[in-house]
Amino acid sequence: MNQNTIKENLKSFGIKKIVSFLDSDPDKNIPRIVDWAEKIDVEGTYKRQLKSIKKAIENKDGNWYLLMKSLWTDIDDGIRKTVFKNFIVNATMLGGNKQRKAKEKYGCNIPWAILMDPTSACNLKCKGCWAADYGNKMYMDYETLDKIILQGKALGTFMYIYSGGEPLLRKDDIIRLCEKHDDCMFLSFTNGTLIDESFADEMLRVKNFVPAISVEGFEEATDYRRGKGTYGKAICAMDILRKRKLFFGFSSCYTSRNADVMGSEEYIDEMINRGAKFGWFFTYIPVGIDAVPELMATSDQREFMYHRIREFRKTKPLFTLDFWNDGEYVKGCIAGGRSYLHINANGDIEPCAFIHYADSNIHKNTLLEAFQSPLFMQYYKNQPFNDNHLRPCPLLDNPEKLESMVLASGAKSTEMLHPEDVHHLCGKCKTVSDKWAITAGRLWANSNDDESRKTVS
């Protein structure tokens with residue numbers, strides 16, 4: 001479906017009318033919203049996803065229906081409408097089709113989302129985090145961040161995610177960007193310690209900024225990696241956000257030390273009770289000079305998380321993503337601009353937040369030039385990196401793939417103080433990769449989720 005067709009359908013079926021469905025009476029209006037989306041999607045671009053949603057909401061007592069209904073009871077009306085317009089309509093429907101058109105025109109990946117670091121500085125020093133190596137030495141000013149968004153929107157990208165460092169050290173600029181680009185959705189990974197009453201009020205005003213607060217489990221595990229008192233501050237931030245009916249989630253990294261907590265029902269229930277509507281799960285990747293390879297989850301622990309997240313999706317009113325174990329739903333790796341990419345605070349345009357190699361920089365190159373650069377074209381030509389989509393990553397699951405792409409493209413390490421040779425980085429993942437290959441092979445062979453293998457990226 002082309003951009004004009006989508007726009008015509010939105011006009012024909014009445015965007016104002018659908019927004020009115022977001023006002024009240026969720027029991028009546030949730031099915032109407034899905035019906036509206038099906039009418040808009042006349043060419044079936046989102047047919048499979050809408051079919052899954054329709055099935056999920058048939059059970060009024062089911063977890064997915066309860067989650068959707070909570071967006072009416074727990075979230076501010078203005079924020080609910082803004083998230084729908086900016087995330088569903090602009091970033092997904094209009095933006096998604098514009099991205100596909102650009103991809104065909106330019107013969108390269110065009111991302112759905114751009115992850116960018118306003119600063120490398122952070123108020124914490126977490127164990128195993130590369131940001132501690134950078135310190136406060138890198139910074140993208142407001143004009144550069146604005147330029148990235150303007151270029152991205154021209155290609156159809158309306159979803160922007162902040163990381164770092166700690167992005168909220170740049171609160172004022174983040175709010176300015178939300179104001180200027182009020183048609184975009186902004187999300188931030190944050191340790192939450194800088195979220196106060198004043199900033200929450202600003203979030204409520206602009207309505208298009210959503211935080212994902214980083215926690216490593218309960219207090220002991222979080223404070224072990226992030227420093228004493230960090231968990232308490234993160235929980236305080238959640239309380240502030242919940243009281244204002246703000247939309248937020250959490251981000252968790254499972255390691256060899258905390259996987260049992262990450263996959264526990266008690267932890268998930270605690271996050272839901274705190275008001276989180278989504279949870280992003282990552283596994284630890286040993287990137288940087290201060291990396292701690294011993295924190296890498298074992299094959300058994302990764303399999304444990306594979307099963308637990310899928311169980312929670314059947315029972316808990318929470319939207320969850322496991323960015324490695326969910327490769328089967330998106331046909332492998334989503335980095336390299338296929339769905340997202342990363343721009344660090346120095347302006348280096350990297351394929352992924354965990355792949356610190358680049359051959360382009362936003363201060364010298366446009367986004368499109370970066371997407372057509374040798375490194376990004378290596379991703380474009382080689383994805384997926386494995387026929388088993390439970391082994392999506394070119395570093396953690398197929399380290400030989402990352403080695404060959406970096407060498408073929410001539411990309412350089414973007415580690416500022418301690419450049420990391422790609423052979424050294426990949427070597428840290430080899431043993432874990434070999435063991436996971438055995439487990440992933442068994443899981444893939446026994447998977448009954450045939451629909452997931454047909455999912456269009």
Identify every side-chain donor-acceptor pair in residues 105-114 under 3.5 Å, counting partners at least two apart or on other chains, and give the distances.
from, atom 1, to, atom 2, distance (Å)
Asn109, ND2, Gly336, O, 3.2
Asn109, ND2, Gln383, OE1, 3.2
Trp112, NE1, Ala91, O, 3.2

Minimum heavy-atom distance between Pro211 and Leu241, given as atom pair plus value:
CG-CD1, 3.8 Å
Between Ile161 and Phe189, the two heavy atoms sitting closest are CG2-CE1, 3.6 Å
Considering only NZ, NE, NH1 and NH2 on the basic side and carboxylate oxygens on the acidic side, decide whether Glu104 and Arg100 come within less than 4.0 Å.
no
What I want to find out is whether Arg313 reaches Asp322 closely enough, with some N-O distance under 4.0 Å, to be called a salt bridge.
no
For His356 and Asn344, does a side-chain donor sit closer than 3.5 Å to a side-chain acceptor?
no
Is it true that the NZ or CZ of Arg302 lies under 6.0 Å from the centre of Trp436's six-membered ring and within 45 degrees of the ring axis?
yes
Should Lys171 and Glu202 count as an ion pair when the cut-off is N to O under 4.0 Å?
no
With Ser188 as reference, evaluate Phe248, Tyr160, Tyr162 under the side-chain contact (heavy atoms from CB on, under 4.5 Å) test and give the passing residue.
Tyr162
Looking at Arg244 and Asp201, does any basic side-chain N land under 4.0 Å from a carboxylate oxygen?
yes
Is it possible for you to check whether Arg176 lies under 6.0 Å from the centre of the six-membered ring of Tyr142, through NZ or CZ, and within 45° of that ring's axis?
yes
Check whether more than 12 heavy atoms from other residues, nucleotides or ligands sit under 6.0 Å from atom CG of Asp25, and answer yes or no.
yes
More than 12 heavy atoms of other residues, nucleotides or ligands under 6.0 Å from NZ of Lys180: yes or no?
yes
Note: Gln99 and Gly156 closest approach over all heavy atoms is NE2-O, 2.7 Å
Take Leu321 and Phe281, measure what side-chain contact (heavy atoms from CB on, under 4.5 Å) needs, and give me the verdict at the end.
CA-CA 6 Å; Leu321 279 178; Phe281 288 87; over 6 Å; no
Any idea how Phe354 and Phe282 line up, ring-wise: parallel (<30°), tilted (30 to 60°), or perpendicular (>60°)?
tilted
Regarding Arg310 and Asp326, does a basic nitrogen lie under 4.0 Å from an acidic carboxylate oxygen?
yes
Less than 4.0 Å between a side-chain N and a carboxylate O, is that true for Asp35 and Lys54?
yes
Output yes when Glu58 and Lys55 qualify as a salt bridge under the 4.0 Å nitrogen-oxygen rule, no when they do not.
no
Quick check on the 6.0 Å ring-centre criterion: do Tyr379 and Phe371 meet it?
no
Quick one: do Trp324 and Leu396 satisfy side-chain contact (heavy atoms from CB on, under 4.5 Å)? Show the steps, please.
CA-CA 9 Å; Trp324 275 261; Leu396 185 63; 3.7 Å; yes
Between Asp182 and Lys207, is the closest basic N to carboxylate O distance under 4.0 Å?
no
Salt bridge or not for Glu38 and Lys51, using N-O below 4.0 Å?
no
The criterion is ring-ring contact (aromatic ring centres under 6.0 Å, His included); which residues satisfy it with Tyr267, sequence neighbours excluded?
Phe218, Phe250
Using modelled atom types and a 3.5 Å cut-off, is there a donor and acceptor pairing between side-chain atoms of Thr222 and backbone atoms of Gly217?
yes
